[in-house]
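See structure below.
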Amino acid sequence: SGFDALTIDTPDVLNGIHEDDVILVVGGDGTLNRVVNGLKGKETSLAVFPAGLFNTFCRTYALPCSAQGLCSAIKEGERGAVPVGILGDRIFISNASMGYKARVAERLRRKNGRKGGFLSYIGPLLRAWVDLPRERFRLHFGDRYEEVTDSPLVCIAPDSDGEGAFLRLYIVAKVSRLVFPFLALAVFIAVPLRKEISLPGLRCRRETRVEVVGEVDTINLDGEVIRTGNIVIEAGIGDMEVIGIPPSTLPRHRLSLRYG
């Protein structure tokens with residue numbers, strides 16, 4: 001059978017794709033984010049070849065990292081849905097972040113440093129640490145809330161169990177500048193593994209909906225930095241299925257269809 005090669009400049013490029021097509025995504029988490037947002041509302045299939053820097057999504061689901069392994073997975077045909085986070089009319093499948101990590105991503109975008117590999121991250125990482133953000137905001141969970149101040153880092157990772165999708169939150173706040181890098185490293189390690197960890201200054205929560213109220217106008221979605229004044233994130237199940245993931249037994253309530 002034949003194939004088409006598309007360069008994803010905007011999500012609109014994907015408008016002509018049919019639901020029975022298999023889309024091969026070659027890139028990192030940011031590229032994958034743009035593709036899944038272009039495909040929202042379409043029950044199609046994705047095959048992902050990791051070609052980014054961190055490839056968090058592929059590491060989370062232990063997807064093949066070689067061309068031979070990916071071809072075998074496509075041939076076997078095993079595929080399943082994945083949990084997603086929903087923010088307005090956008091979704092994310094790896095993680096969303098506020099505070100320090102969002103500042104790093106924003107600095108990196110300004111210098112267009114992703115082309116330099118891992119070394120391009122060192123400058124933004126150090127600069128963002130020197131200028132640790134001092135936002136003050138609240139994370140609301142229904143009638144409960146948590147205050148986040150002083151060197152904040154919040155990562156939100158969509159996850160699931162036998163009952164459905166939820167959001168796994170990693171919250172670093174009210175820590176000194178010297179302690180912060182160690183807790184940030186713990187978060188960066190735990191997020192791809194979807195592990196719950198608890199350390200002084202680091203808390204984990206499990207929620208299905210979170211509203212952010214306060215001094216936050218930038219959020220990092222799978223490496224894509226967006227600006228928003230109203231941050232309400234919900235858990236849902238993606239419309240697309242990913243090759244190499246076992247068939248899902250998640251309830252098919254399809255929250256991700258509730259865009260905009």
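These values consider heavy atoms only, across backbone and side chains, with no hydrogens, waters or symmetry-generated copies.
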Worksheet item: Between V179 and I197, is there a shared hydrophobic cluster once you connect ILVMFWY residues whose side-chain heavy atoms come closer than 4.5 Å?
Response: yes
Worksheet entry | Same cluster (ILVMFWY, side-chain, under 4.5 Å), F188 and V175 | yes
Worksheet item: Can you check whether Y100 and F180 have ring centres sitting under 6.0 Å from each other?
Response: yes
Response to the item:
For residues 179-205, the salt bridge (charged side-chain N to carboxylate O under 4.0 Å, His left out) pairs (sequence neighbours left out) are E146-R203, E146-R205, R168-E196, R205-E207
Solution key, residues 69-77 side-chain donor-acceptor pairs under 3.5 Å, sequence neighbours excluded:
residue : atom : partner : partner atom : Å
S72     : OG   : Q68     : O            : 3.1

Fill in: Contact check, side chains of R90 and I219, non-hydrogen atoms, under 4.5 Å
no
Fill in: Criterion side-chain contact (heavy atoms from CB on, under 4.5 Å) on F137 and I231, from CA distance to verdict
CA-CA 11 Å; F137 55 90; I231 301 177; over 6 Å; no
Discussion item. Looking at every non-hydrogen atom in both residues, tell me the closest pair between V48 and V242 and how far apart they are.
Written reply: CG2-CG1, 4.3 Å
Practice prompt. Spell out, as yes or no, whether a donor-acceptor pair under 3.5 Å connects the side chain of N95 to the backbone of C155.
Written response: no
Practice prompt. Can you see which heavy atom on D222 is nearest to which on I93, and at what distance?
Written response: OD2-N, 2.9 Å
Discussion item. Evaluate Y170 against V172 for side-chain contact (heavy atoms from CB on, under 4.5 Å), listing each step before the verdict.
Written reply: CA-CA 7 Å; Y170 302 85; V172 175; over 6 Å; no
Discussion item. Ignoring hydrogens and geometry beyond distance, is a side-chain donor-acceptor pair present between D29 and N33 at under 3.5 Å?
Written reply: no
Discussion item. Please check this pair: side chain of N55 against backbone of G52, looking for a donor-acceptor N/O pair closer than 3.5 Å.
Written reply: yes
Response to the item:
Scanning both residues in full, the closest heavy-atom pair of C65 with F49 reads O-CE1, 4.1 Å
Worksheet item: Taking the side chain from R136 and the backbone from G214, do they hold a donor-acceptor pair closer than 3.5 Å?
Response: no
Worksheet item: Of all heavy-atom pairs between A165 and P83, which one has the smallest distance, and what is that distance?
Response: CB-CB, 4.1 Å
Worksheet item: Measuring from L169:CG to D159:CG, what's the distance to the nearest 0.5 Å?
Response: 11.5 Å
Discussion item. Show, in sequence, the C-alpha distance, side-chain angles and deciding distance for L183 and L153, and conclude whether the side-chain contact (heavy atoms from CB on, under 4.5 Å) test is met.
Written reply: CA-CA 9 Å; L183 297 180; L153 166 62; over 6 Å; no
Discussion item. For residues Y61 and M240: do they belong to one hydrophobic cluster (side chain heavy atoms under 4.5 Å, members Ile, Leu, Val, Met, Phe, Trp, Tyr)?
Written reply: yes
Practice prompt. Calculate, to the nearest 0.5 Å, the distance between atoms CD1 and CG belonging to I156 and N220 respectively.
Written response: 11.5 Å
Discussion item. Do I237 and V84 make a side-chain contact, defined as non-hydrogen atoms from C-beta onward lying under 4.5 Å apart?
Written reply: no
Fill in: Least distance between heavy atoms, P192 atom then T60 atom
O-OG1, 2.8 Å
Discussion item. To the closest 0.5 Å, what do you measure between NE2 (H140) and CZ (R209)?
Written reply: 11.0 Å
Worksheet item: Under the 3.5 angstrom rule, does the side chain of T208 hit a backbone N or O of F166 as a donor-acceptor pair?
Response: no
Discussion item. Please give me the minimum heavy-atom distance between A186 and L202, naming the atom from each residue.
Written reply: CB-CD2, 4.3 Å
Worksheet entry | Interatomic spacing from CG in L221 to CG in L87 - rounded to 0.5 Å | 5.5 Å
Discussion item. For Y145 and V213: C-alpha separation, side-chain torsions, deciding distance, then whether side-chain contact (heavy atoms from CB on, under 4.5 Å) applies.
Written reply: CA-CA 10 Å; Y145 71 87; V213 179; over 6 Å; no
Practice prompt. Supply the atom-to-atom distance L46 CG to L32 CG, rounded to the nearest 0.5 angstrom.
Written response: 6.5 Å
Discussion item. If hydrophobic clusters are built by linking Ile, Leu, Val, Met, Phe, Trp and Tyr wherever their side-chain heavy atoms come under 4.5 Å apart, do V148 and F141 end up in the same one?
Written reply: yes
Discussion item. If the condition is side-chain contact (heavy atoms from CB on, under 4.5 Å), which residues does V22 pass it with, not counting sequence neighbours?
Written reply: S45, A47, R79, I243
Worksheet entry | Euclidean distance, M98 CE relative to I171 CD1, rounded to 0.5 Å | 8.5 Å
